[in-house]
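Shown next, in structure tokens, is the structure this report addresses.
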Amino acid sequence: MLKSLRSQLTTLWTILSHTFTRAETVQYPEQKPYLAPRYRGRIVLTRDPDGDERCVACNLCAVACPVDCIALQQDVREDGRWYPEFFRINFSRCILCGMCEEACPTNAIQLTPDFEMCEYDRNNMVYEKEHLLIDGPGKYPDYNFYRVSGLAISGKDKGEAQRELPPIDVKSLLP
Amino acid sequence: MSPLATALFGLAVLAGAVGLAAILTWFERRLLGVWQDRYGPNRLGPLGILQVVADMLKLLTKHDWVPPFADRVVFVFAPTAIVVAMLLGFAVVPFGEHLYLLDLNIGLLFFLGMTSLAVYSVLLGGLASNNKYALLGGLRSAAQMVSYEVFMGLSLMGVVMLTGSFSLRDIVLAQQDLWFCIPQVLGLYVFLVAGIAESHRLPFDLPEAEHELTAGFHTEYGGMKFAMFMLGEYLGLILICCMITTVFFGGWLGPWLPGPVWFALKTSLLICFFVLLRAAIPRPRYDQLMSLGWKYMLPLSLFNLVLTGAIALWLRGA
Amino acid sequence: MLALFYFAAAIALIATAMALTRANAAHGLIYLIVSLLAVAVVFFLLGAPFAAALEIVIYAGAIMVLFVFVIMMLNLGRSADEEERELLAPRYWLVPGVLAACLLVELAVISFAAPGHSAGIVVSPKAVGLSLYGPYVLAVEIASLLLLAGLVGAYHVGRRFIDRSGGNKS
């Protein structure tokens with residue numbers, strides 16, 4: 001009884017001493033909190049250093065997405081590059097988990113430190129490709145998928161990519 | 001005082017108590033914020049005080065809904081009981097030497113009666129809601145109130161013994177030399193604990209215990225009817241603090257300042273203390289609450305009673 | 001003052017009648033509480049403020065709370081209401097009602113025949129205490145013995161129940 005009374009009095013004193021400590025609250029709209037560059041916020045689609053779309057519409061992000069908020073349709077351009085005909089993210093479903101970013105083989109889809117996406121109309125939360133696509137390369141400024149992949153597109157044939165040897169002609173007997 | 005002055009003063013007390021209870025909803029949140037290292041409502045108006053108005057507007061404009069499975073008449077009647085009883089309790093509080101509504105010679109008993117009537121609000125609210133959480137909340141409050149009322153009354157009897165009167169004015173006047181918080185420190189402690197239980201404030205808010213019973217007895221209540229419950233709770237808090245001031249801390253007595261100012265100061269300090277209790281002390285389990293009541297508080301108050309009687313007799317004999 | 005008295009008395013009578021005739025137990029209890037409060041007002045007007053306060057604190061504030069508590073535990077439904085309604089048939093209450101009416105008439109005759117009832121003396125709490133521990137001390141002691149016996153009996157019954165269910169001692 002006396003022991004518990006003492007512990008309660010200690011509690012009261014501890015709380016009372018907090019009268020003179022500063023509040024931890026961040027006054028949000030006026031005072032923005034610091035967000036790390038790798039913070040997982042609004043999703044964007046990035047471009048190559050050349051300015052072309054990075055996304056090759058492989059659908060891995062749509063498969064990885066646990067809430068199925070990504071929808072896209074693949075198409076092939078005349079120069080051989082793959083690209084999404086449409087790319088749609090429903091942000092009212094998105095849980096900003098970053099699975100799509102991890103799944104993406106071309107670093108096209110990236111999460112940004114921005115979470116302020118309030119809308120009065122729920123339909124405005126559905127972002128199309130033109131809303132998602134940004135002009136820069138995002139977190140990987142030098143990365144260009146078609147420069148490192150073996151796929152032949154117009155202007156770059158097989159074996160011309162970085163750190164790639166010319167293809168071996170298996171039908172030739174020459175060493 | 002003339003009848004007109006009395007009526008006006010009565011209205012002033014009513015309006016003051018209700019207004020204070022409304023402001024207390026904001027003040028308590030701010031104070032809790034101070035002690036929990038955060039701000040509390042600070043957006044509307046200076047220091048956020050207009051939050052009171054915003055909350056009131058919200059509650060007033062909410063849908064006044066009675067669930068179809070509830071006992072309609074009792075459901076609507078229940079929240080009024082606590083407000084009426086608590087406001088009636090303010091009638092016997094002496095705010096200053098000549099500033100009081102009623103000087104009943106049973107003032108203390110009147111206060112006890114009014115607080116015990118306030119229980120019905122919780123009980124009937126829980127019963128009429130026809131909801132198991134509300135019923136459990138009501139059951140808990142019934143057991144809690146009945147057991148804590150016993151020694152709430154007993155803890156005050158030591159003061160009555162020393163004063164020889166139930167009149168609150170006489171009790172204050174008897175504290176000219178020494179406030180009763182010193183000779184009656186056990187009584188003060190028991191009354192404080194019982195007061196928290198009686199106004200079902202946070203350490204003892206088992207009737208509403210939102211972690212276990214969603215919202216306890218007012219689970220089904222919304223809008224203005226819910227607001228009445230909250231108003232009653234805050235009125236009860238103010239009333240208990242007024243009572244502790246009157247009975248144990250010398251009411252309006254104090255040097256230099258006028259009496260009512262002293263009364264207000266002491267009462268507000270006590271209200272702050274109650275908020276501190278809410279900020280600091282966790283809620284006990286239900287059986288702990290009951291065993292605290294019957295195994296420690298009741299013997300303590302009886303011991304206090306016997307001791308006070310013995311000392312009073314000894315002093316008279318000497 | 002007289003008008004207030006008759007008003008409170010009328011409320012007490014009506015509330016009691018309603019308490020008797022309600023089929024729903026909870027409603028009946030609320031009327032009973034109102035009746036007790038009205039009786040407290042009557043006591044106050046008759047010059048017995050202490051009795052009035054005790055009526056509110058003990059009867060309305062504690063005993064009726066326990067009644068409501070029991071009602072809550074019983075889990076009465078609509079079927080209980082039906083049962084109660086059947087019990088309110090005249091053949092159940094006619095004979096006790098007539099007997100009670102006879103008593104009421106007798107009480108009225110006695111009170112009107114007895115001369116000089118004055119209700120002007122205010123009995124202070126102190127006077128109640130002095131008479132309780134003065135001339136009536138034996139009655140107080142007997143009542144306290146009775147309560148003590150009740151306490152011991154309740155403890156005995158409760159202890160047996162706890163032992164049988166095993167554990168649960170804290």
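In what follows, every chain begins at residue 1, and chains take the letters A, B, ... in the order their sequences are listed. These numbers come from the heavy atoms of this one structure, side chains and all, not from hydrogens, waters or symmetry mates.
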Contact list (residues 146-162 of chain B to chain C, heavy-atom gap under 4.5 Å, by number) returns B:Val146, B:Glu149

* Asked: Does a side-chain heavy-atom distance below 4.5 Å link B:Met114 with B:Phe90?
  -> no

Under 4.5 Å to a heavy atom of chain B? For C:Leu37 that would be side chain

Item to check | Worked check of ring pair (Phe, Tyr, Trp, His ring centres under 6.0 Å) between C:Phe50 and C:Phe43 | outcome: CA-CA 9 Å; C:Phe50 191 66; C:Phe43 273 137; over 10 Å; no

Would one find more than 12 heavy atoms of other residues, nucleotides or ligands at under 6.0 Å from atom CZ of C:Phe67? no

**Study point:** Verdict with reasoning, C:Leu151 to C:Leu147, per side chain to side chain contact (heavy atoms under 4.5 Å, CB included)
**Key:** CA-CA 6 Å; C:Leu151 194 67; C:Leu147 286 177; over 6 Å; no

To the nearest 0.5 Å, atom CG of C:Leu20 lies from atom OH of C:Tyr31 at 12.5 Å

Whatever's closer than 4.5 Å to a heavy atom in chain B on C:Leu29 counts as neither

When the 4.5 angstrom heavy-atom criterion is applied to B:Ala118 and chain C, the contacting part is neither

Which of B:Leu87, B:Val84, B:Ile82 passes side-chain contact (heavy atoms from CB on, under 4.5 Å) with B:Leu235? It is B:Leu87

dist B:Met290:CE -> B:Lys295:NZ (nearest 0.5 Å) comes out at 12.0 Å

Review point. Within 45° of the ring axis of B:Tyr286 and under 6.0 Å from its six-membered ring centre, is that where the NZ or CZ of B:Arg140 lies?
Key: yes

- Does atom OH of B:Tyr133 have more than 12 heavy-atom neighbours from other groups under 6.0 Å away? no

If you tally heavy-atom pairs under 4.5 Å between each of C:Ile33, C:Ile58, C:Leu66 and chain B, the highest tally belongs to C:Ile33

Contact list (residues 297-312 of chain B to chain C, heavy-atom gap under 4.5 Å, by number) returns none

Whatever's closer than 4.5 Å to a heavy atom in chain B on C:Val68 counts as side chain

Here the gap from B:Tyr120 atom OH to C:Ile30 atom CD1, rounded to the nearest 0.5 Å, amounts to 9.5 Å

Exercise for the section: Begin from the C-alpha positions of B:Phe180 and B:Ile171 and carry the test side chain to side chain contact (heavy atoms under 4.5 Å, CB included) through to its verdict. Expected result: CA-CA 9 Å; B:Phe180 281 143; B:Ile171 289 174; 4.1 Å; yes

Point to revise | Plane angle bin for B:Phe248 and B:Phe191 - parallel if under 30°, tilted between 30 and 60°, otherwise perpendicular | key: tilted

